[in-house]
Structures are given as structure tokens and as C-alpha cells.
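Read through the structure below, which is laid out as C-alpha cells, and then see the notes.
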Number of protein chains: 2
Amino acid sequence: MKKVSILDVVEKSGVSLVTVSRVLNNVGTVRESNRQKVLQAIKDLDYRPNSAARSLARGSTGLIGLTLETLKDTVFDGIVHTVNQSLEESGYFLALSIFSRTEGDPDQKTNFLFQEDRVDGIIVLSLLDEENYVMELKRKKIPFVIIDNHVANSRALTVNVDNYIGGLEATKHLIELGHTRIAHVSGPDHFLSVRERKRGYEKALSDAGLSPLIVTHTESFGIRSGFDVAKTWMQNGMIPTAVFAGDDGLALGVMEAYQSEGYKIPDDLSVIGYDDQVFAAEIHPRLTTIRQPMEQMGQHAVRLLLKLIQGSKRNTSVVLQPELIVRESTAICLKKD
Amino acid sequence: MKKVSILDVVEKSGVSLVTVSRVLNNVGTVRESNRQKVLQAIKDLDYRPNSAARSLARGSTGLIGLTLETLKDTVFDGIVHTVNQSLEESGYFLALSIFSRTEGDPDQKTNFLFQEDRVDGIIVLSLLDEENYVMELKRKKIPFVIIDNHVANSRALTVNVDNYIGGLEATKHLIELGHTRIAHVSGPDHFLSVRERKRGYEKALSDAGLSPLIVTHTESFGIRSGFDVAKTWMQNGMIPTAVFAGDDGLALGVMEAYQSEGYKIPDDLSVIGYDDQVFAAEIHPRLTTIRQPMEQMGQHAVRLLLKLIQGSKRNTSVVLQPELIVRESTAICLKKD
DNA sequence: CTGAAAGCGCTAACAG
DNA sequence: CTGTTAGCGCTTTCAG
């Protein structure tokens with residue numbers, strides 16, 4: 001009942017250890033007959049190489065880490081699945097690591113992925129505490145790529161989607177529908193993405209000779225925030241004909257608020273969200289929104305990281321374009337000025 | 001610029017390699033002065049032990065894997081965070097692995113967590129293809145625990161929450177509010193949990209001398225399914241005073257459907273969901289629902305798994321109790337019969 | 001309390 | 001094409 005090791009394979013197949021290792025790694029040339037013997041022995045013994053020994057001997061693990069904070073996000077889900085697949089195609093395995101902000105001892109950043117040399121590289125997925133994390137990675141010289149970085153001038157390799165364009169497109173869509181009284185609920189101001197989307201919103205308006213109706217920042221994303229903001233607007237007699245929400249949750253909240261006061265969407269009010277979370281396509285009316293190119297994000301991140309690991313020096317960050325998804329929550333403006 | 005190894009620490013601290021290893025592992029007794037020397041050297045050198053070498057030498061990795069399929073779930077998120085923390089407290093690290101159903105070659109179940117001996121044990125989180133996965137784990141003799149198993153008679157160790165009780169409590173809540181015309185939208189029938197919840201629903205009704213108004217299974221969970229079911233009910237003149245939905249998404253869909261026809265919730269219709277997803281507490285009205293004890297699930301899973309790894313033989317699966325969360329979507333029945 | 005010696009299982013030059 | 005010889009970096013008996 002002992003564990004079968006490469007030696008058992010050697011014995012059973014009759015060839016030398018090195019030859020076995022060779023067929024294991026598809027390396028060099030091995031006489032076909034020998035290769036078959038080895039393969040057969042491996043099969044008979046149900047042998048699988050010990051990964052620790054492998055890693056030790058070759059100095060790399062074949063593992064890529066991906067650090068994230070939450071499992072409650074459609075976009076993350078999409079990215080991670082793509083990364084998983086791309087990595088697999090390249091012969092790597094993916095291990096996710098949950099980043100829990102350590103409240104106590106800041107010296108105890110035990111998040112294994114970088115604490116030890118367990119991975120060959122890391123993809124950092126939209127971490128709030130990105131700055132410190134990245135600093136550690138640099139110190140430990142672990143190759144990494146950041147998806148959706150929050151720090152602007154990060155000299156690290158990043159994969160991003162152009163939030164400015166996203167805000168611009170969203171707002172242009174509204175303008176093209178004839179809207180002129182366009183409000184914006186934004187998220188927490190300290191997010192780079194939030195500021196960028198707002199900038200896009202402002203640009204689209206000024207390009208059209210319009211000016212922002214009102215911009216409200218919220219403490220957090222989420223339905224409740226959107227609801228509250230919209231309620232406040234109404235209390236102040238603020239009735240836009242269209243709203244650009246910086247997040248689908250906010251958008252849903254806004255819709256609920258206006259609907260609860262008898263407004264019809266999109267007849268009385270157009271609403272556009274951001275991110276295309278699952279529920280966006282499911283609620284009524286289906287939400288018009290801006291979708292992040294999840295597949296591309298994942299693929300680019302993997303490509304960049306692998307090149308980095310292979311020592312390539314000339315790599316450049318990538319900025320992807322978001323996509324407008326028109327559904328049922330936006331419509332032509334019927335209100336005359 | 002070479003990697004610092006334990007030998008560098010030996011040299012710098014002046015003690016033997018073994019002593020260094022001892023302080024590294026807090027093992028045996030080491031003279032305090034020596035311990036300090038070592039610690040200092042480690043610090044000066046910024047030394048971290050090589051995990052591959054460690055794993056190889058001691059035959060275990062200190063890593064626990066958790067396999068799941070999706071990152072779009074509040075409950076999973078809660079469980080995983082708890083598992084992460086519990087594991088950390090026990091000196092283990094957590095690595096998540098995305099399980100993508102391999103469409104092609106079924107022999108190519110490359111999901112690393114069990115493909116190689118990279119982990120000391122595995123937590124399987126609600127896998128659709130549980131059966132095959134578990135079979136592999138058994139064959140490879142990797143210790144594992146399943147959270148939310150879908151196969152009934154699984155002889156494996158499992159951590160579950162009693163879905164029967166959940167359905168029972170949800171329905172009892174409605175009955176206690178005076179409802180008698182209680183409908184049930186259920187999920188896909190092949191889920192064990194779905195069938196259990198329904199069984200609870202039926203039991204609660206029969207205990208109260210009532211009978212099911214209507215039970216409709218859906219092809220999938222989600223808002224859209226709930227919406228469609230409710231619409232169909234209405235078309236058939238089916239007007240319950242309360243609905244027990246097998247899932248928060250379904251519940252939201254039901255609410256939307258009835259609201260769109262002018263019904264007020266909870267005044268004209270009470271709705272209760274299941275799972276307490278994030279949005280449940282955010283939508284309007286806030287959804288009454290059944291919450292899964294995520295923390296307990298995570299903790300028990302970890303406890304069981306670690307005991308299993310330590311060779312303990314007498315372990316038993318655990319069944320946890322769900323919790324009724326009363327919010328705003330359910331109210332006293334005002335309709336006279 | 002400490003150190004010398006013997007691996008853990010596999011890969012990587014280097015000669016045949 | 002194949003085998004010999006060294007390690008990879010650390011833990012673990014087993015004597016001091």
C-alpha cells in the first residue's frame with residue numbers, strides 16, 4: 001500500500017529512471033517501444049508523479065495564483081473561468097486565493113499565494129488593498145499582472161477596460177435617444193473606475209452641448225444606495241428623463257425608486273447600468289448596460305503573465321473596450337422640453 | 001542575487017542546519033540564544049523556506065483545496081470566506097479550484113486539485129457533477145468533505161443544511177400569517193435540495209390541514225423563471241395569497257410578475273425566498289427568506305476534513321439548521337376566504 | 001539541547 | 001537514443 005514512485009515504474013518497465021522521466025515530460029527522444037513500456041507500466045501502477053518533487057527539481061510549480069476578494073460578481077466569475085481555461089491550455093493550473101483584509105497584524109500577510117513560492121506567477125483581480133499587495137509581490141519578485149487596477153500610476157502590468165469610454169458610450173446612448181436631462185449616480189469616489197466613468201459622462205454631455213443635470217456619489221455600490229439616491233432626487237423635485245448608473249445594482253435601485261412612485265421605465269425614465277451582472281438580463285425591464293469584455297480580460301492577463309514568466313521584457317499593459325448592451329430599460333425621450 | 005536558502009541562514013547564524021529547521025518548525029527545544037540568532041538571520045536575509053522542498057520532505061503540503069463551479073453566489077462566498085479563515089487558524093492554506101465541466105475527453109479530468117498530490121485534502125462545494133468527482137477522490141485516496149451534496153446516499157462525509165426543515169419553516173411562517181392559498185415555485189427537480197424543500201412545504205401544509213395550491217418546477221433558478229411561472233399562474237386565474245419560492249431569484253421574479261399586474265407586496269401577496277442572497281436584503285420590499293448558516297457550514301467542513309486528515313476514523317456527517325429571516329415581503333393575510 | 005547523515009521523488013546536464 | 005551522476009531545499013531519525 002505504499003505510494004508508487006517513479007522507481008516502481010522503472011522496475012516494472014525495465015528501462016532506466018531517466019527514460020521514464022523523459023516520457024513523463026515528453027522530452028528528448030525515446031524509442032517508441034520503450035515509450036510504450038513506460039506508458040503501460042504507468043497505467044498498470046496508476047502512477048502519478050509527485051508534484052512537490054517535481055517542483056523542487058525544476059524550480060517551478062506549474063501553478064498560477066489568482067487573488068480576489070469576493071465570489072459575488074458576474075464579471076469576476078467570467079474572468080476567472082476564462083483564465084482557468086487559458087491557463088489549462090498552456091499547461092498551467094489555476095489556484096484562487098481569497099484575500100481577506102487582515103485586520104490585525106499587518107505583518108502577517110499570510111495569503112499563501114505570495115507568502116511562499118507556491119506559484120509561478122499571480123493575477124491580481126481588482127483588489128481594494130492593491131497597493132500593499134503589489135508592493136509585496138514586487139519585493140518577492142513574483143511575476144504578476146493586475147486586472148482592473150485601482151491605483152492609477154501603477155507601473156505594474158495591467159489589464160483594464162476603459163471606464164472613460166464606458167461612461168462616454170453609456171451617456172451618448174442616452175443622448176442619442178433624445179435625452180437632455182441626464183443624471184448620474186456614481187459609486188464611491190475613491191475608485192478609479194468610478195471617476196473615469198463619470199469623466200466619460202461629462203465628456204459626452206459637453207460634446208453634445210449639454211451639461212450634467214446632477215451627479216451623486218454613493219458610499220457604496222448596491223441596490224439600496226441607488227434607491228436612496230433616487231428618492232432624494234425626487235424629494236428635491238429632481239426629475240431626470242434618463243439616468244446613468246455607475247453599476248447595475250445602483251441602476252436597479254434607481255428603477256425601483258422611480259417605479260415605486262408610479263414612473264414607468266423606460267417610458268418615463270430611461271436607466272442604464274454598468275457591468276452587466278447576471279440579474280441585468282433577468283429583471284423587468286431588462287437593463288441596458290455596459291458590459292466588460294470578460295473573456296478578453298482573462299486571456300490578455302494570462303498571455304501577459306506567461307510572457308512575463310518566460311522572461312520577456314517588452315510587455316505593455318492593455319486597455320480593452322467595453323460594450324454597450326441595449327435592452328429594455330432605455331428608450332426614446334418623449335418629454336418635450 | 002541567488003535565492004536565499006536555509007544554508008545561508010545556517011552560515012549567517014552560525015548554528016547548524018538542523019537547529020535552523022527546528023526554529024522554523026517550532027519543534028523540539030532550542031536554546032533561546034540560538035533561536036534568536038536564527039530568527040535574526042532569517043530576518044536579515046528575508047528568508048522564506050521553499051515550500052516544494054518542505055512538502056517533499058514531509059510528505060504533505062499544508063494546502064487544502066476547495067472545488068466549486070461558480071463565483072456568483074452569496075452563500076458560496078460566505079462559506080469560502082469562513083473556510084479560508086478557519087483553515088488559516090489551523091495552519092493550512094486554502095486554494096480554490098474552478099471546476100469546469102470538461103465537455104470533451106472525460107479522461108482528462110485535469111482539475112489539478114486532485115490530479116496531483118498538491119493538496120492534503122479537499123472540500124467539494126456543491127458540484128453538479130459531484131458523483132464522478134467524488135469517485136476520483138476516493139480512488140486517489142484524497143481526504144475530502146462535501147458541502148451541500150447532491151447525491152443522496154453518498155457514503156462520504158458531508159455538511160448539509162436541512163432543506164426539508166427550511167421548506168417547512170418557510171411554509172409555516174406563511175401559515176402563521178393566516179395564509180391558506182399558498183403556492184410553491186420550485187427549482188429543477190433533479191436537485192436533492194429542491195425536492196427536500198418541497199417536501200417541507202407539503203408537510204407544513206398537511207400539518208395545518210391544508211393542501212398545496214399549486215407546485216411548479218422550473219428548468220432553472222433565476223428571476224426570469226420565477227417571473228414566467230407567476231405569469232402563467234395569473235393567466236390561469238391562479239391567485240395565491242402567498243408564494244414560497246425555492247430560491248431568492250425565483251422569488252424576485254414572482255414579485256416582479258405580480259407587481260407588474262398591479263398587485264402590492266406584501267399587501268396582496270406574501271412572498272418568501274430561499275438562500276438570502278445579497279440582493280434579498282436590498283430590494284423593495286426586502287425579501288423574507290431562509291438563510292443558510294454559512295459560517296457553520298464552513299467551520300464544520302474544515303473541522304471534519306482536518307480530523308479526517310489526522311486519521312480520525314469516527315467522523316459523522318453533519319446536518320445544520322437553516323434560519324428564517326423575516327423581512328418585508330411577507331405579511332398577515334387580509335383576504336377572507 | 002544539538003548536529004551528522006540519510007533521504008523525500010524527480011529533473012538536468014553530461015557522457016556513452 | 002539511453003543511463004550515470006548530481007543535486008533541488010528541507011525534515012527527520014539517531015547518536016552525541
Side-chain angles (χ1 to χ4, degrees), chain A residues 1-39 41-42 45-63 91 112 115-120 140-141, chain B residues 1-39 41-42 45-63 91 93 112 115-120 140:
Chain A
M1 206 55 216
K2 263 205 63 191
K3 251 187 198 150
V4 316
S5 88
I6 199 170
L7 291 169
D8 300 303
V9 179
V10 168
E11 193 174 340
K12 180 121 185 171
S13 64
V15 302
S16 87
L17 188 155
V18 181
T19 304
V20 174
S21 174
R22 285 209 177 93
V23 351
L24 243 33
N25 296 288
N26 282 310
V27 115
T29 33
V30 177
R31 189 181 299 154
E32 187 53 26
S33 67
N34 280 337
R35 155 181 235 80
Q36 288 308 329
K37 279 189 214 160
V38 173
L39 255 22
I42 287 179
L45 267 30
D46 189 26
Y47 163 77
R48 266 153 287 128
N50 176 302
S51 62
R54 259 190 159 167
S55 304
L56 179 56
R58 52 184 177 205
S60 70
T61 62
L63 245 186
F112 90 95
Q115 175 67 308
E116 308 210 19
D117 45 6
R118 285 208 149 100
V119 292
D120 295 345
K140 298 188 173 151
K141 307 216 180 305
Chain B
M1 206 55 214
K2 265 204 61 189
K3 252 187 198 148
V4 315
S5 88
I6 198 170
L7 291 169
D8 299 305
V9 180
V10 168
E11 193 175 340
K12 180 120 186 173
S13 63
V15 302
S16 87
L17 189 156
V18 181
T19 303
V20 174
S21 174
R22 285 206 177 94
V23 352
L24 242 33
N25 297 287
N26 282 309
V27 115
T29 32
V30 177
R31 189 180 299 154
E32 186 53 27
S33 67
N34 280 338
R35 156 182 234 79
Q36 287 309 328
K37 278 189 212 159
V38 172
L39 257 20
I42 288 179
L45 265 30
D46 190 25
Y47 164 77
R48 267 152 288 128
N50 176 302
S51 62
R54 256 189 162 168
S55 304
L56 179 55
R58 50 185 179 206
S60 70
T61 62
L63 243 186
F93 287 119
F112 91 94
Q115 174 68 305
E116 308 210 20
D117 45 5
R118 284 207 149 102
V119 292
D120 295 344
K140 298 186 174 152

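Side-chain atoms are counted along with the backbone in the values below, which use heavy atoms only and exclude waters and symmetry mates. We name chains A, B, ... by the order of the sequence lines, and we start the count at 1 in each one.
In this model, the phosphate group of dG3(C) is approached by a side-chain N or O of Ser16(B) to a distance below 4.0 Å at OP1 or OP2. Proximity of Arg31(A) to the phosphate of dC1(D): no side-chain N or O atom is located under 4.0 Å from OP1 or OP2. Close to dC8(C), at under 4.0 Å from its OP1 or OP2, lies no side-chain N or O of Asn50(A). Remark: Thr29(B) is in phosphate contact with dC1(C), judged by side-chain N or O atoms under 4.0 Å from OP1 or OP2. Phosphate contact (OP1/OP2 of dC1(C), side-chain N/O of Asn34(B), threshold under 4.0 Å): absent.
Counting only heavy atoms from C-beta on, Leu17(B) has its side chain closest to dT11(D) among dT11(D), dG9(D), dT11(C). For Val18(B), taking side-chain heavy atoms from C-beta onward, the closest of the listed nucleotides dC10(C), dA4(C), dT11(D) is dA4(C). With distances taken from any side-chain atom of Ala57(A) to the nucleotides dC1(D), dG9(C), dT12(D), the minimum falls on dG9(C). Ranking dT11(D), dT11(C), dT2(D) by closeness to the Leu24(B) side chain, first place goes to dT11(D). Closest approach to the Leu56(B) side chain among dC10(D), dC10(C), dC8(C) is made by dC8(C) (side chain taken as heavy atoms from C-beta onward). Residue Arg58(B) has its side chain nearest to dT11(D) when only dG9(D), dT11(D), dT2(C) are considered. Comparing dC14(C), dT11(C), dT2(C) by their closest approach to the side chain of Thr19(B) singles out dT2(C). For Ser21(B), counting side-chain heavy atoms from C-beta on, the closest listed nucleotide (dT11(D), dC1(C), dG3(C)) is dT11(D).
Side-chain to base pairing of Arg22(B) with dG3(C): one donor and one acceptor N or O lie within less than 3.5 Å of each other.
Heavy-atom neighbours of Glu11(B) CD from other residues, nucleotides or ligands within 6.0 Å: at or below the threshold of 12.
Rounded to the nearest 0.5 Å, atoms CD1 (Ile6(B)) and CD1 (Ile42(B)) are 8.0 Å apart. The OG1 atom of Thr61(B) lies 8.0 Å from the CG atom of Asp117(B); values are rounded to the nearest 0.5 Å.
Ser13(B) contributes no side-chain N or O that, together with a main-chain N or O of Lys37(B), makes up a donor-acceptor pair within less than 3.5 Å.
Residue Leu7(B) contributes atom CG, which lies 14 Å from atom P of dG3(C) at whole-angstrom precision. In this structure, Arg54(B) atom CZ and dT12(D) atom C1' are separated by 14 Å, rounded to whole Å.
Residues Arg58(A) and Asn25(A) have side chains that bring a donor and an acceptor to within less than 3.5 angstrom of each other.
The residue Val27(A) sits apart from the nucleic acid: no heavy atom pair falls under 4.0 Å.
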